[in-house]
Structures are given as structure tokens and as C-alpha cells.
Amino acid sequence: MGEPRRRPGSAAGGERRYRFADGPAGGERRAALALRVPEVLDSQYGLYVWPCAVVLAQYVWFHRTTLRGKRVLEIGAGVSLPGLVAAKCGAEVILSDSEELPQCLENCRKSCLLNDLPDVPVIGLTWGRVSPELLSLAPVDIILGSDVFFEPKDFEDILTTVYFLMEKNPHAQFWTTYQVRSADWSIEALLCKWKLKNTHVPLQSFNADKEHLASSSLPGRHTIEMMIISLARSDGT
């Protein structure tokens with residue numbers, strides 16, 4: 001977990017395009033969605049697309065018919081690919097990143113403008129901090145987070161924020177992807193502490209068990225996992 005966080009396969013910054021589509025349909029018209037995101041090669045993590053983001057965006061796309069009218073919050077959004085997919089599929093989306101990273105918040109806004117989504121709110125939310133922005137958030141149905149479980153020191157702050165949101169929204173789910181970087185990676189004890197449970201989602205169940213998704217080179221050969229976190233019942237299930 002101590003490795004420098006470098007974007008795999010990065011070249012120059014600029015703009016990248018992603019295209020989500022259904023599988024081969026024997027000549028029938030297929031649903032498709034094309035998006036553009038700005039990328040800046042910088043030491044800040046949220047300024048380009050990571051492998052986990054494409055996998056989570058694929059999950060959102062696969063379940064797009066369930067999203068219309070749902071209230072979605074993306075945390076640690078960066079360039080916001082999963083949140084953009086949700087917004088294009090009819091969800092009411094709020095994008096967030098750390099209030100201490102104004103460049104990342106600006107990148108969220110640029111992503112929205114590039115994809116004709118100027119009205120999607122972008123707010124500063126710092127994990128583990130009960131801020132006025134967190135307290136005033138509208139109800140949410142789904143929380144999105146791609147590769148937020150990167151630094152072990154942040155794990156509890158992330159789950160503290162997720163738990164706070166789920167206490168206010170008991171039926172909410174946290175859809176999250178993470179890259180397997182260490183055999184020591186685990187949030188099980190923290191999930192138990194915060195009365196949360198997780199359900200593993202096989203990549204093949206949403207057509208994400210491939211090296212190339214959304215007409216891109218990502219996720220490549222990185223090992224990505226998907227899970228859904230929700231409140232545990234009083235009996236621990």
C-alpha cells in the first residue's frame with residue numbers, strides 16, 4: 001500500500017473519451033453513451049481517470065434503467081466518470097471531493113461542462129469531517145466511490161462519512177470499486193465497528209471482466225474488485 005500512486009499508461013494530459021455500449025445485439029440498435037473527461041497529469045489523485053473508475057462507471061451503465069430519478073452522491077469524485085454516467089442516465093447527481101483540493105473540485109466542474117451537465121452540483125466534502133455541506137446534503141439513495149480505499153489512514157474517515165449518510169438514509173447503498181494492491185488490505189473490522197456490511201459483486205455479472213472497457217485501455221491487467229456496502233441489521237446481517 002506504500003507504492004507511489006501513478007496513473008498506469010498515462011501520456012500527456014488533455015481530454016479522454018469513453019464510450020459505454022451494450023454487447024453485440026445481432027444488428028439491433030444498441031444503447032450507447034459517449035463521454036469526455038479532462039485529464040491533467042499532476043500529483044493530485046483526482047485529476048485523471050483510474051482503472052477503478054471505469055469499472056464502477058460500467059456498473060452504473062449496466063444498471064442504468066434503475067437510476068432514473070435516484071439521488072446519487074459521488075465521493076472523491078475527481079474527474080467524476082461514474083457520476084457523469086449516472087447523471088446522463090437520469091439520476092439526480094451531486095459530485096463531491098475534498099474541500100482541501102480545489103483543483104479536483106474544478107476538474108469535477110470541467111467534466112460536467114464538457115458533457116453538457118452544467119447544473120450538476122459540485123461540493124467540497126472531506127472524509128471524516130462533519131461539515132455544514134455534509135449536514136445540509138439532500139437525501140441520497142446511492143453513494144458512489146471509485147478507488148477511495150487507497151490510503152489505509154483514510155479508511156475509517158471514509159466509512160465514518162458513509163455511516164453518517166446511511167444513518168440519515170437507511171436504505172442507501174455505497175457502490176464502490178477498489179484495486180487490489182496488498183494482501184493486507186481489509187476493511188472488515190471497520191465495517192463491523194460502524195455496523196456496515198459489504199456484498200461482493202463479481203465483475204462478470206456486469207460485463208466488466210475485461211482488460212478494456214468503454215473503448216479505453218482501462219482497467220488493463222489491474223485486479224479490480226466491486227462491492228456494495230450498506231447498513232447491517234441489528235442481528236449483524
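Please read all numbers here as calculations on a predicted model, not as lab measurements.
- Note: N207 CG to W61 CH2 = 12.0 Å, rounded to the nearest 0.5 Å.
- With rounding to the nearest 0.5 angstrom, the NZ atom of K193 is 15.5 Å from the CD atom of E188.
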E92 and R71: salt bridge (charged side-chain N to carboxylate O under 4.0 Å, His left out), yes or no, with the steps?
-> CA-CA 5 Å; E92 299 173 14; R71 298 159 299 189; 5.7 Å; no

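- Heavy-atom minimum distance, C52 versus T177: O-OG1, 2.9 Å.
- Within the 4.5 Å cutoff, side-chain heavy atoms of L196 are placed close to those of M166.
- Smallest separation of non-hydrogen atoms from G83 and E74: N-OE1, 2.8 Å.
- The only option from D209, L203, D147 that meets the side-chain contact (heavy atoms from CB on, under 4.5 Å) definition with V55 turns out to be L203.
- In this structure, Y178 has its ring center closer than 6.0 angstrom to the ring center of W185.
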* Show your reasoning for whether side chain to side chain contact (heavy atoms under 4.5 Å, CB included) applies to K197 and I229. => CA-CA 6 Å; K197 64 178 180 179; I229 294 175; over 6 Å; no

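- Taken from CG in L231 to CD in Q173, the straight-line distance is 10.5 Å, to the nearest 0.5 Å.
- Within the 4.5 Å cutoff, the side chain of V180 has heavy atoms near those of the E225 side chain.
- Between D97 and G78, the shortest heavy-atom contact is OD2-N, 2.8 Å.
- For T126 and E99, the side-chain atoms include at least one donor-acceptor pair closer than 3.5 Å.
- For NE2 of H171, the number of neighbouring non-hydrogen atoms (other residues, nucleotides, ligands) closer than 6.0 Å is 12 at most.
- In this structure, the ring-ring contact (aromatic ring centres under 6.0 Å, His included) partners of W194, at least two apart in sequence or on a different chain, are Y163.
- Cluster membership check: V201 shares its hydrophobic cluster with W175, using side-chain heavy-atom separations under 4.5 Å among Ile, Leu, Val, Met, Phe, Trp and Tyr.
- Evaluation of the ring-ring contact (aromatic ring centres under 6.0 Å, His included) rule for H63 yields Y59 as partners, not counting sequence neighbours.
- Salt-bridge check for K70 with D141: failed, with every basic side-chain N at 4.0 Å or more from each acidic carboxylate O.
- Enclosure of atom NZ in K168 by more than 12 non-hydrogen atoms of other residues, nucleotides or ligands within 6.0 angstrom is indicated.
- Between D116 and K88 there is a side-chain heavy-atom pair separated by less than 4.5 Å.
- Q179 is not listed as a side-chain neighbour of T223, based on a closest heavy-atom distance of 4.5 Å or more.
- E156 places no side-chain N or O within 3.5 Å of a backbone atom of L190 that could act as its donor or acceptor partner.
- The distance from atom CG of N169 to atom OG of S230, rounded to the nearest 0.5 Å, is 13.0 Å.
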| said: side chain to side chain contact (heavy atoms under 4.5 Å, CB included) for V72 and V140? Distances and angles first, verdict last. | reply: CA-CA 6 Å; V72 174; V140 297; over 6 Å; no

- Assess whether side chain to side chain contact (heavy atoms under 4.5 Å, CB included) is satisfied between L137 and L125, documenting all intermediate values. CA-CA 10 Å; L137 265 180; L125 286 183; 4.0 Å; yes

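- The closest side-chain heavy-atom distance from M226 to L56 is below 4.5 Å.
- The ring pair (Phe, Tyr, Trp, His ring centres under 6.0 Å) pairs that include a residue from residues 95-135 number zero, where partners must be two or more places apart or lie in different chains.
- Contacts of R64 classified as side-chain hydrogen bond (donor to acceptor under 3.5 Å, both in side chains), with partners at least two apart in sequence or in another chain: D22.
- The CD1 atom of I224 sits 10.5 Å away from the CH2 atom of W50 when rounded to the nearest 0.5 Å.
- Nearest heavy atoms, L134 versus T161: CD1-CG2, 4.3 Å.
- Legend: residues meeting ring-ring contact (aromatic ring centres under 6.0 Å, His included) with F174, ordered by chain and number and at least two apart, are absent.
- Counting heavy atoms from C-beta on, the side chains of S215 and R17 never come closer than 4.5 Å.
- Remark: of the listed residues T66, L144, L81, I142, L144 is the sole one forming a side-chain contact (heavy atoms from CB on, under 4.5 Å) with V60.
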| said: Show, in sequence, the C-alpha distance, side-chain angles and deciding distance for V79 and C108, and conclude whether the side chain to side chain contact (heavy atoms under 4.5 Å, CB included) test is met. | reply: CA-CA 5 Å; V79 295; C108 289; over 6 Å; no

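- Looking only at distances, no side-chain donor or acceptor of K195 sits under 3.5 Å from a matching main-chain atom of C192.
- A single hydrophobic cluster is seen to contain both V130 and V148, as judged by linkage of ILVMFWY side chains at heavy-atom distances under 4.5 Å, directly or through other members.
- Following chains of ILVMFWY side-chain contacts shorter than 4.5 Å, one can reach L117 starting from Y18, so the two form part of one hydrophobic cluster.
- The minimum heavy-atom distance between L218 and P51, with the atom names listed, is CD2-CG, 4.1 Å.
- Listed here is the closest heavy atom pair of S111 and L84: CB-CD1, 3.8 Å.
- Ion pairing of R36 with E15 is present here, as a side-chain N (NZ or NE/NH1/NH2) and a carboxylate O approach within less than 4.0 Å.
- Side-chain contact between L165 and I143 is present, with at least one heavy-atom pair separated by less than 4.5 Å.
- Under a hydrophobic clustering in which Ile, Leu, Val, Met, Phe, Trp and Tyr are joined whenever their side-chain heavy atoms come within less than 4.5 Å, directly or via other members, V93 and L114 fall into different clusters.
- Using a 4.0 Å cut-off between a side-chain N of Lys or Arg and a carboxylate O of Asp or Glu, R129 and E100 qualify as a salt bridge.
- Looking at residues two or more places apart in sequence or on another chain, you find no side-chain hydrogen bond (donor to acceptor under 3.5 Å, both in side chains) involving N115.
- The shortest side-chain heavy-atom distance between L159 and L191 falls under the 4.5 Å cut-off.
- A distance of 8.5 Å separates CG of L213 from CZ of F206, quoted to the nearest 0.5 Å.
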